[in-house]
Structures are given as structure tokens and as C-alpha cells.
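Worksheet: the structure to be examined is printed underneath.
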Amino acid sequence: MSIEKVGVVGCGLMGSGIAQVAAQAGYPVVVREVSAQLVEKGLKSIEKNLARLVEKGNLSSADRDEIRGRLRGTTNVEDLKECDLIMEAIIEQLPAKRELWSSLDTICPKSAIFASNTSSLSITEMATFTQRPDRFVGLHFFNPVPVMKLVEVIRTIGTDPKVYDEVLTFAGKLGKTAVRTTDRTGFIVNRLLVPYILDAVRVLEEGVASIEDIDNSMKLGCGHPMGPLTLLDFVGLDTTYYIANIMFDEFKEKRFAPPPLLKRMVLAGWHGRKTGRGFYDYADPAKPRPMHLS
Ligand code: 3HC
């Protein structure tokens, strides 16, 4: 059975991006959030992104209307029952995921495939919340989803190879480059990225260089689009701290341990761009100013 209609659970930053790319690729999409306000907020952000593409001449108004017409928002999980593939991008907390997956398992037909966008929780563990571990995979997208070309496709020891191939084909139809990986915390990208950005915080903590000089070094010396501390502000200090702790717990290696400065900033509520303060102050978002952290 091929994937014809998709469901997305969670319409925040990642979920709305996933819903957008699926609708742009021609799939009818049902997107579910917990409240009508959150459904509206998520759909508005997609409309804003599509409007930007029209303004730039990258999308016609007629295509925009068709894409928007393929998206249906809902607060009712029952509305996902006709979807062939359900992609979950809700809060990174296992109890919330457990509740969602076990209710979807009873609502959806046995043929439906389940995929989590988790960046650090175990896909294998999530699959045990259902009666379909053979039809359970990870589909890990990157922020901003409409721009970043990669998706990690994660199989567990229980994933049916035919299901895995089907999901790889689907990822290609979204216009993404799919990489194959297995269920190890952090998969490929975060396994490499998280120690790197944590090291940037250590370099700052040790007084080796300033915030701007660390960022400029990696931008101008290595051609990265963002320096590591700007990237930390972009991803969210709280999110990175959370992922790092899970990775440390899994591998027990020092390189995954969050540095004390990161922990203090998270405790202080300086979570990066989304809270207006992190390694930079975003009072003027167009001109972030480095913070004084000592
Ligand atoms: N949604 C849609 N489109 C967006 C966007 C968004 N949120 N943000 C930027 N864009 C588009 C712009 O419209 C522009 O499109 P155009 O080329 O057609 O004009 C293009 O992206 C470039 O944007 P800008 O010119 O405004 O800015 P930049 O050139 O600085 O690019 C960036 C912005 C794409 C975010 C770039 O800085 C970048 O690639 N940064 C690194 C992002 C990254 O590493 N992401 C991965 C994070 S890790 C992760 O997600 C995993 C998780 O588990 C932690």
C-alpha cells in the first residue's frame, strides 16, 4: 500500500514545516494540535511562508491556494484515522508521546505507518507503545524544515524493511535527501552536532575567545551558515540542553555532558531567540548583540 494521505501531529515550528512540505509535495495533510488557537497559529505560519514564496516569485498564487487547500487543521485525533502515514512532532516528553501513540494505535487501521520526528528519544521505545512495531520509524527533519534538504530516516531492529523502503521513497517525494540510520540517540546529525556546539560553549567558558569571535571563526573559517552560538540560540538552549542530557545518559561520554554555563542560562530562562536572550540579545532581532556572560 502506498502513502497517499498524511497526518501530522503537532503544528509548532517542526510540525508546521513538515505539514507545509508534505502539502507542497501534493499530499492531502491533516494536521492536529491540542487547541483551536494552536491549530490557527500553525496554519498562519504556513500561510506566511507560502506568501513569502509568492512574493519572491517562487510560487504562483494558484499553486499557493492549492497547497493551502490540501491542509486541514483539527484538534481531534480521530480525524487522523484515514491517513496512511502519521508523523509526530509534539513535545519531547515520553509520557505525552506514549499517550498519543497508544491512542492512535487504536484509532488508525493496522496498515498505517507511524513516524516520530524526535531528535533524541528512542524510536524503539516509542514503537512498544503500539501493536505495530514493524510499522514504526523515525523521520527526523531539520529546522527550518522548508529550507533544510535533509531528513534522517530511522529504522529499529523491528522495522519491516518494506515499510522502511516506503518511507524512504516518501521522503524523496517531499524533495528531501534521505539518509538511512538506526535507532541510536542523536542519529547522525545530533551525534556530530551536539558535541560541537557544547564545545563552543566550553571554549567561551574557558575564556579562549568571545561570542562573536567563536561564531565568526566557524562562519568565515569553515563556511558554516551560522556560528555555533548563533545556532544554539536558533535551536534553543533548553532543547539543546535536553538533548545533550539524553545523549550523555545513553553514551556516558563527557563530550555529550552539558557545560555548567549552558545549564545556568537555561535555568535563568535565556533559551535563545525564542525568549529574546541567549548568547545574543534579540531586542532588535535584525541586529543581535552579544551578551556579557561573565
Ligand atoms: N521558513 C521558511 N523559509 C525560511 C525560513 C523559515 N523559517 N528561514 C529562512 N528561510 C528562507 C528564506 O526565505 C530564504 O529563501 P530564499 O533563498 O528563497 O530567498 C532562505 O531561507 C535564506 O534565508 P535568509 O536569507 O533570511 O537567511 P540565511 O541565508 O542566513 O539563511 C538559514 C537562514 C537557512 C536558517 C541559515 O542560516 C542556515 O542554514 N542555518 C543553519 C540551520 C541549521 O543548522 N539547522 C539545523 C538545526 S539542528 C536541527 O534542526 C535538529 C534538531 O534535532 C536540533
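These numbers come from a predicted model, not from an experiment. Both counts, for ligands and for their atoms, begin at 1 and track the order of listing.
D215 places a side-chain N or O within donor-acceptor distance of the main-chain N or O of L229, the cut-off being under 3.5 Å. Checked by atom type and distance alone, the side chain of T230 never pairs as donor or acceptor with a backbone atom of M226 at under 3.5 Å.
Considering only non-hydrogen protein atoms, atom 11 (C) of ligand 1 sits nearest to V147 CG2, 3.6 Å. Closest to atom 54 (C) of ligand 1, if we only count protein heavy atoms, is V235 CG1, 3.6 Å. Given atom 14 (C) of ligand 1, the protein heavy atom at minimum distance is K56 NZ, 3.6 Å. The closest protein non-hydrogen atom to atom 49 (C) of ligand 1 is F142 CD2, 3.5 Å. Given atom 8 (N) of ligand 1, the protein heavy atom at minimum distance is P144 CG, 3.9 Å. Shortest contact from atom 48 (S) of ligand 1 to any protein heavy atom: L193 CD2, 3.8 Å. Summary of contacts: the protein heavy atom closest to atom 39 (O) of ligand 1 is P225 CG, 3.7 Å.
Taking a 6.0 Å sphere around NZ of K263, one finds it holds 12 or fewer heavy atoms contributed by other residues, nucleotides or ligands. Shown here is L220, whose CG atom has more than 12 heavy atoms of other residues, nucleotides or ligands within 6.0 Å.
The proximity of N143 to ligand 1, defined as any non-hydrogen pair under 4.0 Å, involves the side chain as well as the backbone. Counting heavy atoms under 4.0 Å from ligand 1, residue N190 touches it through the side chain alone. With a 4.0 Å heavy-atom cut-off, ligand 1 is reached by no atom of V145.
Taking the six-membered ring wherever Trp is involved, the centroid distance between the rings of W101 and F136 falls below 6.0 Å.
Under the 6.0 Å distance and 45° angle rule, R289 does not count as a cation-pi partner of Y280. Cation-pi geometry between R191 and F256 is not met at under 6.0 angstrom from the ring centre and within 45 degrees of the axis.
In this structure, atom 37 (O) of ligand 1 is in close contact with the protein, since a protein heavy atom lies within 4.0 Å of it.
Donor-acceptor pairing under 3.5 Å is recorded for the side chains of Y164 and R155.
For H140, the heavy-atom gap to ligand 1 drops under 4.0 angstrom. Put simply, part of N58 is less than 4.0 Å from ligand 1, judged by heavy atoms.
The side-chain heavy atoms of I67 and L50, taken from C-beta on, include a pair separated by under 4.5 Å.
If you check each of M226, R52, E55 against atom 5 (C) of ligand 1, the one with the closest non-hydrogen atom is R52.
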